[in-house]
Amino acid sequence: MSSKVEYNSKESEQKWYSYWDEHNFFHSEVDEREPYSIVIPPPNVTGVLHMGHMLNNTIQDVLVRRARLLGKNACWVPGTDHASIATEAKVVAKLKTEGISKSDLTRDQFLSHAWEWTNEYGGKILNQLKKLGASCDWQRTKFTLDDDMYESVIDSFINLYNKGLIYRGYRMVNWDPEAQTTLSDEEVIYEEKQGKLYFISYPLENSDEKLTIATTRPETIFGDSAICINPKDERFTHLKGKKAIVPIVGRIIPIIEDEYVEMEFGTGCLKVTPAHDENDKTLGEKHKLEVFDIFNPDATLNSFGLHYEGQDRFEARKNFVTELEEKNFVIKVEDYTNKVGTSERTKAVIEPRLSDQWFLKMKDLAKPAIEAVLKSDDIKLHPKKFENTYRNWMENIRDWNISRQLWWGHQIPAYYFGDGEDDYVIAKTKEEALVKAKQKSEKSISLEDLKQDEDVLDTWFSSWLWPMSVFDGIRHPENEEFKYYYPTNDLVTGPDILFFWVARMIMAGYEYTDKKPFENVYLTGLVRDKKRQKMSKSLGNSPDALELIENYSADGVRVGLLLSNAAGNDLLFDEALCQQGKGFSNKIWNAYRLITSWTVDENLLQPESSKKAIDWYSSVFQEKLVELEDHYSKYRISDALMTSYKLVWDDFCSWFLEIIKPGYEQPIDKSTLSAAISLFEDNLKILHPFMPFVTEEIWHQIQKRKPEDALTVSKWPKLHSFDKQIISEFTFASEVISGIRTIRKEKNISFKNKIDLVVINNESANRTMDSIISKMGNIQDLTYSDAGMEGSLTFRVKSNEYFIPVDGAIDVEAEKEKLKEELNYYKGFLKSVEKKLSNERFVSNAPEKVVAIEKQKKEDALAQIETISKSLENL
RNA sequence: GGGUGCGUAGCUCAGUUGGUUCAGAGCAUCUGGUUUACACCCAGAAGGUCAGGGGUUCGAAUCCCUUCGCACCCA
C-alpha cells in the first residue's frame, strides 16, 4: 500500500485546488439548471484574512459546495470593496512615512498613489480564501471601483436624486477630525469616558448678579450664543429677559426659555452652542440664535477661540479652564462619566459639526424592507432573533449621510456653477452638467465654470448595490445573467453589519428591482477569544489565519471553526477545535487506509454479520441524511457537521468497520468490500462541503477517475425509504454488546478470551443481530434458554437477561447488591408512574396518548420488577 | 436612559407548539486497554435542585411575574 499513516494535507490542498481551478469547476454560466447564487460580503481590498472572514467564508463554501453536489448551478461571486476611510487612511499614513502630505497632492496624484497601493495589496485576501478552499467563481471577481461598478454607483445616485430621494442639507454631522471626514451614525462608537463637569459662573449684564452653568466641554464657551432656562423653574424667573456675558469672550448673549432644559441636571441653566451640539442646534433654530463655529476641520480652534486659536480642542480646554480658574469663573469641578462618540476607524473623538452634506431619505425606502423581513417572510433572517434588532432600527430609521470628505471612492456627480445654495446640477459627465447648468441658471456658462463636488460617497453606498451590480443589474437590468442569478439565494455575514449593509441591500433591492436581493440571511457569530474578547488585530489576540491552516490543514480549520458555531452565537475560538478537525480528517484517512488494506478472496462467502452490518449502515446513513437535510434547511451548519461527524466516526468507523473487519491478515469477501467502498464514498460526499480536500484526495485514491467524475462535481446521495426496524434492532444489539463489554471490564476478562453467552429472551427480541453480537462480543457460543444459570455473571437489556458463565467463584453478594439496586430503581419508578395514573385530573385532562404512554411505562416496570425478583431468588 | 437577547454538566452549546424510561451532544476529566487502520486511537464511567424566588397547569428547562448576573443594539 502506498498510503501513508498520516495524511499529507499540504500536498493535497495545493494539488486539488489547482485541479478544481484548472477544470473550471467553480465557474458558472447561465444554463437551464436551477441557479444557486451567493455574493461574498466584499472584504476591504487591502485587508488580510482574519478569523471572521474564515468563519464566514467557510460557511458560504459549505453552502455552495452542497448546492453544487445537489446539481444546482452554483455561483459564488467573490470581490472586494474599496473601503474609503480605511484605505485612504492607510495611504495617507504611508505617504507620511515618505514625507509626503496629502494636502501637497492634487486629487489625481493622490489617487494614483492609492491605486498603486491597491494594486500592490489588492486581492491578497482573495488568494488567502483559496487556501481555505473557497470555491468562488474567480472569473467573476469584482471590485467596487471597477469601471462598471463605478458607473452603477453614479447611475444610482443620479437616479435616486431624480426621484427626489437624495438632497443636500446643512446639518449637524459626525465629524472625524483625524480623518477629516463625516461619518454615518453607524460608524460612531459610543464609549464611556471619565470626564469632568465644570461649573462656570456667567455675569449678568448691568447687574452684580451671576448665574452658573454646568458643562463638560468648557472650550465650547467660545461658541455660546445663549443661556437657556426652563420657564417653569422658579429659581430663575427673575432672569427672564435679561442678558448674560460670556466669560473671557465678553459676548453678550440672551437668556432664553425652553422646556427642553432639565431642571434637575447640573444647575438648571444650560449654555447653548448651536454649532457644536445637535440639541443646541435645534434650540438655536427655534430661538433664532447666532451660530459661532469655533473649530477648524482638524478640531483646532479658529479665530473665535481668541488667544487659543490654533490649539487642539483638548489642549485648549485645559488651558482655558486654567484661565477661567485664575479669573475666578470656576465654581467647582466634579468627576463625571459620559458617553463620548468615537470614530470606528480612527478612534478619534467625534466632533458634532455643521456642514453641507448629501443625504438619502430613508423612510420610504425602508417600507418594503420592513414588509419583506417582518411581515411577508420574503426574506428570512437566521437566527430569527435578529428580526427584533432589525425592526428597531428600521422603524426608527434616519436619513443617511452619504457624503464623505475623502478622495478615494466614487466622486459625487454634483457640479456647482455658482455660490448660491441651489447653484448645482447632478449629471453623469461634466458635459452633461454644462447643458443642465445652462438651463438651470439661464446664463452662459463654460466648462471651466463648473466645479465637481470634491467629496466621495460612503463605501456602503456602493456595497448596498452589490448583489445587483455584480451582475450588472443596475446598468442593464434586462441582461440574462441578472435575470438568472438574481435574487441570490443566501447571504452570510456578521450581525455587526446588519444595518450598515444587510438592511441597506434589502432597501436597494426593492427600490431597483422590486425584488428581494437574497432569500436567506445567515448571521454568523463574532469570533472571540477564550476570554470572550472580540478577536482583532489591535488586541493582538487573533491567531494568524494562514498559520492555522499551515498547522491544522484547511479542512481541520474549517471543521474547527464550524464545530462550536451555532448560528448567531458568538464563537469562542480555541485552537483545540482545529486540532479536533485535523484529528477528524486523520480518522477518515485511516478508515480509507483500512479498507484498502484488505485483500479479496473471490471464493469467500459473505459472513452473516457483514451482511447485517451493510443493511444496517445503509439504513442509518439514510436516517442521518434526512437529519442533515433538516439541519441544512434551518441553516444549522454546525449541527449538520456534528451529525456527519458522529455518523462517520461512531457508526461507520467504530461499528461498521469493526464488524466487517476480517481477522488479522485474513482476506475479505468481495461483496462486503465493494459495499464498504460504496458506503464510504457516500460518506465522502456528505463530508465534502466541510472537508473538501481530504475527501477529494481519498476519492481519487479509491480509484482513478476522470475530471468530470471528481468528487466536487459529483452527486449528493439520493434519499430513499429505509428500514427503521433494522436500526432499532441494531441499537438493541449494541446495548447487549455494551453489556458484555462492561462485564468484561468489571471482571477483568480480556477481550481476547472467548466467552459464552446465554440469553433469556423475555423481550422476544429478533435474533437477526446475533451474528453481530457474537463477533463484537467475541462470543464462543450464543445460546437461548428459559432459565437462568448458576455460576454466571449477569446483565440485563430491557427485560432480556444475559448470562456469562465463568470459571471459579462468583461473588454472589455483589451480584445481589447489583440486582437490588436495579430493583429499587424500578420500584421507585413504578411508584411515580402509579402516582401519576392515580391522579384523576391527570387521567381526565392529559391527552389519551400521554396516558397510554404512562400505562405502558407501568407495564414495563412491573415486568422488570418480576424478572429481577426472580433472578434474586435464583441467587 | 430606551430596547433586545441570554443564564442548562468543568467548557462550548442543543433541547422544536409545555407531556415517552428520573434533561442531551461535543470537548475536557477519570478508569481500563495497544504487536492487528488510527494514542490525532479503542472501550467504559462520572458529572446538572435547567441563575434565585414566586405563579399558571394534572404536568414547567419550556408559559407568566419578580430579583440577580451577562451580552448586544439604539439614544
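Heavy atoms only: backbone and side chains are in, while hydrogens, waters and symmetry mates are out. Residue numbers start from 1 in every chain, and the chains themselves are labelled A, B, ... in the order their sequence lines are given, proteins ahead of strands.
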Between [atom2] on [N] and [atom1] on [X], what's the gap in Å once rounded to a whole number?
| X | N | atom1 | atom2 | result |
| --- | --- | --- | --- | --- |
| A/Lys775 | B/A43 | NZ | P | 15 Å |
| A/Leu498 | B/C72 | CG | P | 16 Å |
| A/Arg744 | B/C42 | CZ | C1' | 14 Å |
| A/Lys747 | B/G33 | NZ | P | 17 Å |
| A/Ile660 | B/U36 | CD1 | C1' | 15 Å |
| A/Ile497 | B/C74 | CD1 | P | 13 Å |
| A/Leu523 | B/C72 | CG | C1' | 13 Å |
| A/Lys587 | B/C42 | NZ | C1' | 8 Å |

Closest to side chain of A/Gln580, choosing from B/C74, B/G26, B/A37: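 Given the options B/C74, B/G26, B/A37, the side chain of A/Gln580 is closest to B/G26.
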Nearest of B/C58, B/A37, B/A14 to any side-chain atom of A/Asn839? B/C58
Please work out which of the three classes, parallel, tilted or perpendicular, describes the rings of A/Phe499 and A/Trp393, given edges at 30° and 60°.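 Aromatic pair A/Trp393/A/Phe499 classed parallel.
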For the residue pair A/Tyr522 and A/Tyr635, does the interplanar ring angle fall in the parallel (under 30°), tilted (30 to 60°) or perpendicular (over 60°) class?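 Rings of A/Tyr522 and A/Tyr635: tilted, 30 to 60°.
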Under 3.5 Å, is there a donor-acceptor pair between the [X] and [Y] side chains?
| X | Y | answer |
| --- | --- | --- |
| A/Lys380 | A/Asn520 | no |
| A/Ser799 | A/Glu763 | yes |
| A/Tyr645 | A/Gln580 | yes |
| A/Glu547 | A/Asn551 | no |
| A/Asp669 | A/Thr672 | yes |

Which atoms of nucleotides 1-9 of chain B (N or O only) lie under 3.5 Å from a protein N or O atom, and what are those distances?
unit_1 : atom_1 : unit_2   : atom_2 : d
B/G3   : O2'    : A/Asn392 : ND2    : 2.8
B/U4   : O3'    : A/Asn388 : ND2    : 3.2
B/G5   : OP1    : A/Asn388 : ND2    : 3.4

Neighbour count above 12 (heavy atom, 6.0 Å) for [X] [atom1]:
| X | atom1 | answer |
| --- | --- | --- |
| A/Glu840 | CD | no |
| A/Lys855 | NZ | no |
| A/Gln703 | CD | yes |

When we call it a touch if two heavy atoms are under 4.0 Å apart, what does A/Lys798 touch: a base, just sugar-phosphate, or nothing?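 Counting heavy atoms under 4.0 Å across all strands, no contact is made by A/Lys798.
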Sugar-phosphate, base or nothing in reach of A/Glu658, heavy atoms under 4.0 Å: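 A/Glu658: base contact, heavy atoms under 4.0 Å.
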Identify the heavy atoms of A/Val559 and A/Gly581 that sit nearest to each other, and give their distance. CG1-CA, 3.6 Å
Looking at A/Ser750, is its backbone amide N or carbonyl O close enough to the side chain of A/Arg744 to form a donor-acceptor pair, meaning the two atoms are under 3.5 Å apart? yes
Donor-acceptor check, side chain of A/Arg558 to backbone of A/Pro689, threshold 3.5 angstrom: yes or no?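 Indeed, once roles are kept as given, a pair shorter than 3.5 Å links the two residues.
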Taking side-chain hydrogen bond (donor to acceptor under 3.5 Å, both in side chains) as the definition, give me every residue that meets it alongside A/Tyr802, ordered by chain and number, with sequence neighbours left out. A/Asn800
What does the list of N/O pairs under 3.5 Å between the protein and nucleotides 44-51 of chain B look like, with a distance for each?
unit_1 : atom_1 : unit_2   : atom_2 : d
B/G44  : OP1    : A/Ser738 : OG     : 3.0

Pairing residues for A/Phe652 by the ring-ring contact (aromatic ring centres under 6.0 Å, His included) criterion, not counting sequence neighbours: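 Checked A/Phe652 against ring-ring contact (aromatic ring centres under 6.0 Å, His included); matches are A/Tyr617, A/Phe656, A/Phe680.
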By nearest nucleotide on RNA chain B, pick out whichever of A/Ile853 and A/Lys661 is the more 5' one. A/Ile853
Of A/Ala576 and A/Tyr664, whose closest RNA chain B nucleotide lies nearer the 5' terminus? A/Ala576
If I pick the [atom1] atom on [M] and the same atom on [N], what distance separates them, to the nearest angstrom?
| N | M | atom1 | result |
| --- | --- | --- | --- |
| B/A60 | B/G69 | P | 28 Å |
| B/G54 | B/G10 | P | 24 Å |
| B/U57 | B/C64 | C1' | 12 Å |
| B/G2 | B/A61 | C1' | 30 Å |

Check the phosphate of [N] against [X], side-chain N and O only, distance under 4.0 Å to OP1 or OP2. Yes or no?
| X | N | answer |
| --- | --- | --- |
| A/Arg593 | B/A37 | no |
| A/Asn845 | B/C58 | yes |
| A/Lys752 | B/U35 | yes |
| A/Arg636 | B/G15 | yes |

Give the stems involving RNA chain B, where a stem is 3 or more consecutive Watson-Crick or G-U wobble pairs (i with j, i+1 with j-1, and so on) under 3.5 Å. B:1-7 with B:68-74, B:10-13 with B:24-27, B:29-33 with B:41-45, B:51-55 with B:63-67
Within residues 642-654 of chain A, the residues having a heavy atom closer than 4.0 Å to RNA chain B are A/Met642, A/Tyr645, A/Lys646, A/Trp649, A/Cys653, A/Ser654
